[in-house]
Amino acid sequence: MLAKFASDPARSRGRLFPEEESAHRSPFQRDRDRIIHASAFRRLKHKTQVFIEHEGDYFRTRLTHSIEVAQVARTLAGSFGLNQELTEAVALAHDLGHTPFGHTGEDALSALMAPYGGFDHNAQALRIVTDLERHYAEFDGLNLTWETLEGIAKHNGPVTGNLPYALVEYNARHDLELDTYASAEAQCAALADDIAYNSHDLHDGLRAELFSTDDLSELPLLSDCFARVDAKYPDLNYYRRRHEALRRFFGVLVEDVLVESKARLADLNPQSVEDIRAAGRSMIQFSAPVWKDLKEIRAFLFTRMYRAPMVVKMRGKVTQMVDELFPLFMSNPDLLPKQWRKDVADSESETELARIVADYISGMTDRFAIQEHKRLIGGVKPNNIVTGQIEFKD
């Protein structure tokens, strides 16, 4: 039984392009399945979470991260009586728009795209599922339901102010009500993302030896987790001890979201999903004390992991790759693969071309970006490669 404020697939606002519904799957189940079978989803296997994809087989990639997020999101949704298929669809799609090389690649591409409307990975995820996945005969994109698109666009909250162009363009033809909160299902996906990456980044940082177990045992929340493990298993070996502590940390985060969110929902007493959208605040959230402790943990991760010398060194290398590939494709668009040529031919401005180039580069995996940089540039500077120019009408 779904809660009154859950998203009911039978009352979905539908798809931009009407389709006959499946006799065996709900609309949200079909959305989830289309996302799983999308090319962009498969490419997440070789996209960085924190470490460059080829640096080690044990580190998380965007794909393994998305699977972990979906698992946590389904757990939260089930506890609140929400639609688990919609929750899972949003969770699986939330990172589709990420560039190669993680946030480093996004920072580089954002700087390059600043004159052309910028770049935002959440907006790019929407662009992928509404345009760039071109496999179906009757439409571009995956033609997902309004609810799934809403969740992808604003799972982190209302999107206002200077909007990314990808959101502006799509919202003009299919209003996603960007100034309101998303469904509780989408909010579960957002919190599951926080839970997953805060937990697994600690694990990956330990494996990379960027910090020690002793370092973690001094952090808030984690200190209690290690203490409970030591009290129950006083002679546990190093690897099992840290796994047990991180497992408990994961559980603490999930339990806190469950308790805090149920209190918020009881206070609001929503009678429909529209009540969730109009609530004026997120209903699925950490408690204030845990959020305060998490900010301290995130500050630790930023200093000791995201800005660790070995990571910063690689950031410089991959930033250079993106910085060199972008102008190369801008000056020589015929270097793009054949399936991109029609879009290039149809482009009528430098801005349109830049957005095509950004679509192409952002879709690359880590290994493909490295291979293409070596093949096209190597030791030769981009401005020494000239194969063809494109001119635009004023």
Side-chain angles (χ1 to χ4, degrees), residues 1-3 5-44 63 66-67 69-70 73-74 77 82-97 122-155 159 164-178 180-190 272-274 276-277 339-340 342-343 346 359 363:
M1 293 292 293
L2 293 177
F5 52 87
S7 297
D8 184 352
R11 302 178 66 182
S12 169
R13 299 195 195 185
R15 307 176 189 277
L16 182 62
F17 302 97
E19 295 183 59
E20 183 179 349
E21 291 298 341
S22 169
H24 310 291
R25 294 177 296 164
S26 76
F28 301 150
Q29 287 176 302
R30 293 181 78 187
D31 284 357
R32 176 201 59 199
D33 296 347
R34 287 181 179 185
I35 291 164
I36 289 173
H37 289 283
S39 300
F41 185 74
R42 293 195 298 275
R43 289 197 299 271
L44 295 179
L63 180 61
S66 296
I67 293 171
V69 172
R74 284 189 66 99
L82 301 173
N83 186 282
Q84 294 185 346
E85 285 74 27
L86 174 59
T87 307
E88 186 176 23
V90 176
L92 292 171
H94 85 283
D95 267 356
L96 290 180
N122 282 325
Q124 189 67 14
L126 187 72
R127 186 168 169 85
I128 286 169
V129 300
T130 59
D131 182 11
L132 300 180
E133 287 283 329
R134 298 175 181 174
H135 308 293
Y136 295 88
E138 298 182 356
F139 47 77
D140 289 338
L142 304 180
N143 199 32
L144 304 177
T145 62
W146 186 92
E147 290 78 9
T148 298
L149 296 176
E150 176 209 30
I152 294 172
K154 55 181 183 176
H155 57 276
V159 186
Y165 68 86
L167 289 184
V168 172
E169 290 179 351
Y170 187 78
N171 202 60
R173 59 180 177 140
H174 196 190
D175 186 8
L176 298 178
E177 300 174 5
L178 297 176
T180 68
Y181 280 83
S183 65
E185 285 86 355
Q187 293 180 35
C188 283
S272 71
V273 64
E274 298 305 326
I276 298 292
R277 293 189 175 103
Q339 62 266 36
W340 293 81
K342 184 180 185 303
D343 286 344
D346 292 343
D359 289 339

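Heavy atoms only: backbone and side chains are in, while hydrogens, waters and symmetry mates are out. Here the structure is a predicted model, which is why all the values come from computation and not from measurement.
Contacts of Asp343 classified as side-chain hydrogen bond (donor to acceptor under 3.5 Å, both in side chains), with partners at least two apart in sequence or in another chain: Arg134. The side-chain hydrogen bond (donor to acceptor under 3.5 Å, both in side chains) test applied to Arg15 returns Asp31, not counting sequence neighbours.
Within the 4.5 Å cutoff, the side chain of Arg127 has heavy atoms near those of the Leu132 side chain. Between Asp8 and Asn83 there is no side-chain heavy-atom pair separated by less than 4.5 Å. Contact of the Arg30 side chain with the Thr145 side chain is not registered, since no non-hydrogen atoms from C-beta on lie closer than 4.5 Å. Between Arg11 and Val273, every side-chain heavy-atom pair lies at or beyond the 4.5 Å cut-off. Taking 4.5 Å as the limit, every side-chain heavy atom of His37 sits out of range of all side-chain heavy atoms of His135. When side chains are defined from C-beta on, Arg25 does not count as touching Arg32, because their heavy atoms never get closer than 4.5 Å.
If you take CZ on Phe41 and CD1 on Ile67, they are separated by 5.5 Å, rounding to the nearest 0.5 Å. Separating the OG atom in Ser66 from the NE2 atom in His94 is a distance of 5.0 Å, to the nearest 0.5 Å. Rounding to the nearest 0.5 Å places CG of Leu149 at 11.0 Å from CG of Leu167. Atom CG of Asp33 sits about 10.0 Å away from atom CG of Leu92, to the nearest 0.5 Å. Note that OG1 of Thr87 is 9.5 Å distant from CZ of Phe28, once rounded to the nearest 0.5 Å. The line from CG of Leu63 to CZ of Arg43 is 12.5 Å long, rounded to the nearest 0.5 Å.
Minimum heavy-atom separation, Ala123 to Pro164: CB-CB, 3.6 Å. When every heavy atom of Ala77 is checked against every heavy atom of Gln84, the shortest pair comes out as CB-CG, 4.1 Å. Of all non-hydrogen atoms in Ala182 and Ile276, the two that sit nearest each other are O-CG2, 3.7 Å. In plain terms, the two heavy atoms of Gly151 and Ala186 that are nearest each other are CA-CB, 3.6 Å. Tyr181 and Gln187 get closest at one heavy-atom pair: CB-NE2, 4.1 Å. Between Asp140 and Asp131, the shortest heavy-atom contact is CB-O, 3.6 Å.
There is no side-chain donor-acceptor pair under 3.5 Å between His174 and Thr130. Checking Glu147 against Ser7 by side-chain atom types alone, no donor-acceptor pair falls below 3.5 Å. A side-chain donor-acceptor contact under 3.5 Å links Asp359 and Gln124.
The closest donor-acceptor contact from the side chain of Glu133 to the backbone of Ser39 lies under 3.5 Å. A donor-acceptor contact shorter than 3.5 Å is absent between the side chain of Gln29 and the backbone of Glu85.
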**OP:** Take Lys154 and Leu176 through the test side-chain contact (heavy atoms from CB on, under 4.5 Å) and record every step on the way to the result.
**Re:** CA-CA 9 Å; Lys154 55 181 183 176; Leu176 298 178; 5.5 Å; no
Original post:
Can you list the steps and then say if Arg34 with Asn143 is a side-chain contact (heavy atoms from CB on, under 4.5 Å)?
Top reply: CA-CA 9 Å; Arg34 287 181 179 185; Asn143 199 32; 3.9 Å; yes
Subject >> Residues Ile152, Leu144; criterion side-chain contact (heavy atoms from CB on, under 4.5 Å); working and verdict >> reply: CA-CA 11 Å; Ile152 294 172; Leu144 304 177; 4.2 Å; yes
**OP:** Start with the C-alpha gap between Leu16 and Phe139, add the side-chain angles, then the distance that decides, and say whether side-chain contact (heavy atoms from CB on, under 4.5 Å) holds.
**Re:** CA-CA 10 Å; Leu16 182 62; Phe139 47 77; over 6 Å; no
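No more than 12 heavy atoms of other residues, nucleotides or ligands lie within 6.0 Å of CD in Glu138, so this atom counts as exposed by the packing criterion.
Arg13 has a carboxylate O that lies under 4.0 Å from a charged side-chain N of Glu274, or vice versa, which qualifies the two as a salt bridge.
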